[in-house]
**Q** 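Below is one structure. I have some questions about it.
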Number of protein chains: 2
Amino acid sequence: MAANGEVTTTNKKVVLRRYVTGYPTAEDMEVVATPGIPLRAPRGSTDAVVVKNLYLSCDPWMRGRMTRHDDGDAVPAADFVLGEALVNYTVGEVVDSTHPEFSAGDLVWGMNAWEEYTLVTKTEGLFKINHPELPLSYYTGVLGMTGLTAYAGLFEVGKPKGGESVFVSAAAGAVGQVVGQLAKIAGCYVVGSAGSDEKVNILKNEMGFDDAFNYKEEKDLDAALRRCLPGGIDVYFDNVGGTTLDAALLHMKLGGRVVICGMISQYNLPEHEGVHNLFCLIPKRIRMEGFSVMDYFHLYARFEKEMAGFIKEGNMSVIEDVVQGIEKAPDALIGLFSGRNVGKQLVAIA
Amino acid sequence: MAANGEVTTTNKKVVLRRYVTGYPTAEDMEVVATPGIPLRAPRGSTDAVVVKNLYLSCDPWMRGRMTRHDDGDAVPAADFVLGEALVNYTVGEVVDSTHPEFSAGDLVWGMNAWEEYTLVTKTEGLFKINHPELPLSYYTGVLGMTGLTAYAGLFEVGKPKGGESVFVSAAAGAVGQVVGQLAKIAGCYVVGSAGSDEKVNILKNEMGFDDAFNYKEEKDLDAALRRCLPGGIDVYFDNVGGTTLDAALLHMKLGGRVVICGMISQYNLPEHEGVHNLFCLIPKRIRMEGFSVMDYFHLYARFEKEMAGFIKEGNMSVIEDVVQGIEKAPDALIGLFSGRNVGKQLVAIA
């Protein structure tokens with residue numbers, strides 16, 4: 001309790017110590033404790049919400065914000081600020097609010113700082129959780145940003161038709177696992193690539209993928225795609241870029257669509273690898289399109305309802321990789337870039 | 001005249017002597033004369049047309065058909081056959097016909113062999129010329145396949161809106177010059193790149209481009225694009241691929257479209273260059289799409305009418321590079337790949 005009678009607490013947070021080049025390391029981040037943070041929304045405010053974060057989501061896109069960019073570089077979001085908390089999606093509980101639409105006890109998710117308690121004053125990015133009967137952590141993934149990314153990217157950009165073939169890379173990851181299962185629900189033939197035999201087994205045996213391969217064990221991605229998709233690919237959902245994208249281009253069918261969602265294979269390289277097979281776009285009339293989930297939050301209510309239904313009906317398996325404690329958050333994030341996680345990586349902090 | 005009283009003639013043709021690797025050379029082709037070709041459509045046929053070719057169109061896409069491909073390679077059209085005539089668009093006059101829709105004296109254009117006389121039995125690719133008041137040679141270019149390529153690629157794939165910025169590479173070429181002028185008609189800000197100061201002058205002073213640069217004189221394409229298009233690019237119409245495509249990606253605006261029409265900078269390389277800046281597709285939500293004019297011939301009648309109007313109204317300048325005589329055809333085709341031609345390259349053969 002502070003001197004003025006205000007209820008306060010210490011607030012642990014994950015801060016960026018230095019901008020990153022190459023793969024992020026433990027030295028790039030630090031968990032610090034800030035004392036005396038108020039647990040009540042400022043009196044007199046009308047739009048403030050104090051959120052106690054319960055789960056932190058670890059996502060590859062955070063890597064881009066850990067690099068120091070030049071002005072004018074095309075980046076999805078501004079660089080993180082040194083000494084301040086990292087920012088990404090969290091799931092939490094409202095502990096106090098002066099905002100008319102939020103009350104103490106509400107379960108919420110949204111873009112917050114990587115810390116134990118966040119004072120939110122821009123609530124347009126804060127969503128109430130409408131399915132508390134499902135595991136709360138799902139709102140870091142399948143029911144949150146990464147689920148919506150999969151849903152919007154597949155259906156709004158890739159537009160698969162029943163019977164078409166869909167290939168997804170990083171298929172055991174948070175986005176990929178949802179893409180593949182949504183494509184199965186849509187009646188597609190679905191093949192995924194992942195980085196371990198364990199992940200491949202999960203894809204084939206727990207997530208209903210028609211086929212999958214371990215790209216680290218394939219000498220020739222071209223041959224792997226020919227083997228798994230002899231008729232070619234209608235929709236390639238690309239989470240990795242680089243050599244997998246290059247190989248997939250060779251196997252696209254006439255009128256194929258390449259959904260450019262992420263390029264995790266490239267984020268830690270000093271210069272991105274060259275893609276050599278873009279000529280394929282011409283004879284095959286391929287559309288290749290980048291997107292950002294930020295443009296699709298207007299679909300969230302519909303998505304949440306449909307996805308909750310798929311989960312309850314048993315049509316959507318969810319694999320999470322959960323670590324306990326905010327102290328473990330930097331290491332969990334680092335692990336994403338070597339593919340150490342199996343399924344959606346998240347941190348339980350309370 | 002043959003022994004049976006049939007009127008015949010010799011028929012000179014440009015044949016492929018060997019499949020090409022790297023840049024095509026004079027030794028790859030040969031002009032040969034075949035004796036005793038009938039000048040009448042076969043009696044008893046009901047769909048045959050004998051065309052006397054007057055102009056041969058030289059186009060970069062022919063290069064792809066001069067390479068020996070493996071089965072299953074993605075190519076826009078089958079490899080040429082050794083010892084047989086090259087195939088591309090020609091403009092000609094019907095000398096005899098058993099087809100009810102064609103009569104001797106009709107002026108036509110379409111995909112024919114590179115020879116003096118062609119017996120056409122698949123007439124769905126043969127178009128009557130509806131504007132004989134315009135130079136006949138225009139049907140190899142601005143009123144023919146390359147004009148339709150520009151029209152369909154720009155309007156159906158690129159979809160520029162008035163006030164948007166359009167960048168076109170190989171802008172003084174057959175497709176590029178039409179793209180740029182159509183974009184001006186559509187109210188866009190138009191910048192072109194070309195390979196000589198002479199071409200740059202033509203773009204700026206004869207074709208109404210807002211700006212243009214000689215890519216061979218620019219040390220840094222990135223800087224050239226920043227200088228000419230400081231606000232960025234809404235539509236990039238790509239005829240060249242490679243480093244120009246890579247640089248353009250850095251300058252695309254949010255929601256930009258990259259129309260992949262051709263990649264002339266790559267056709268003679270043993271392996272295509274890598275494109276490193278595809279990550280830009282994500283933050284900028286770029287759509288990159290390949291197309292083939294073959295999918296747009298249903299628009300031809302509308303296109304021909306509009307384009308003839310633009311030419312007559314003085315809104316469409318046409319620059320042609322015409323060589324005389326079928327013997328010069330191989331050299332004219334070879335010249336395309338060093339950018340020797342200024343404007344649409346064609347061969348007048350009668």
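Lettering of chains follows the sequences in order, A, B, ..., and the numbering in each one begins at 1. What's counted below: heavy atoms across the whole structure, side chains too, no hydrogens, waters or symmetry copies.
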**Q** Among residues 221-242 of chain A, which ones touch chain B with a heavy-atom distance under 4.5 Å?
**A**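 Result: none.
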**Q** Report yes or no: does His276(A) contribute a side-chain atom to a donor-acceptor pair with the main-chain N or O of His272(B) at less than 3.5 Å?
**A**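 Flag set: sc His276(A) to bb His272(B) pair under 3.5 Å.
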**Q** Under a 4.5 Å cut-off applied to non-hydrogen side-chain atoms, are Arg287(B) and Arg287(A) in contact?
**A**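 Yes - at least one pair of side-chain heavy atoms lies under 4.5 Å apart.
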**Q** Rounded to the nearest 0.5 Å, how far apart are CG of Leu281(A) and OG of Ser292(B)?
**A**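 Going from CG on Leu281(A) over to OG on Ser292(B), the span is 13.0 Å.
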**Q** Do Leu278(A) and Ile260(B) have side-chain heavy atoms sitting under 4.5 Å apart?
**A**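 In short, these two side chains do not touch, never coming nearer than 4.5 Å.
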**Q** Examine whether an atom of Gln266(B) lies under 4.5 Å from a heavy atom of chain A, and if so say whether it belongs to the side chain, the backbone or both; otherwise answer neither.
**A**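 No part of Gln266(B) comes within 4.5 Å of chain A.
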**Q** Using non-hydrogen atoms only, which part of Phe279(B) is less than 4.5 Å away from chain A: side chain, backbone, both, or neither?
**A**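 For Phe279(B), heavy atoms of backbone and side chain both lie under 4.5 Å from chain A.
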**Q** Heavy-atom distances under 4.5 Å only: say whether Leu245(B) touches chain A with side chain, backbone, both or neither.
**A**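 When you check distances to chain A, only side chain atoms of Leu245(B) fall under 4.5 Å.
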**Q** Within a 6.0 Å radius of atom NZ on Lys216(A), are there more than 12 heavy atoms belonging to other residues, nucleotides or ligands?
**A**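 Yes, NZ of Lys216(A) has more than 12 neighbouring heavy atoms, counting only those of other groups under 6.0 Å.
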**Q** Pick one of side chain, backbone, both or neither for Ile282(A), based on which atoms fall under 4.5 Å of a heavy atom in chain B.
**A**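 Both backbone and side chain.
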**Q** Do Arg285(A) and Met294(B) have side-chain heavy atoms sitting under 4.5 Å apart?
**A**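 Side chain of Arg285(A) against side chain of Met294(B), heavy atoms only: contact under 4.5 Å found.
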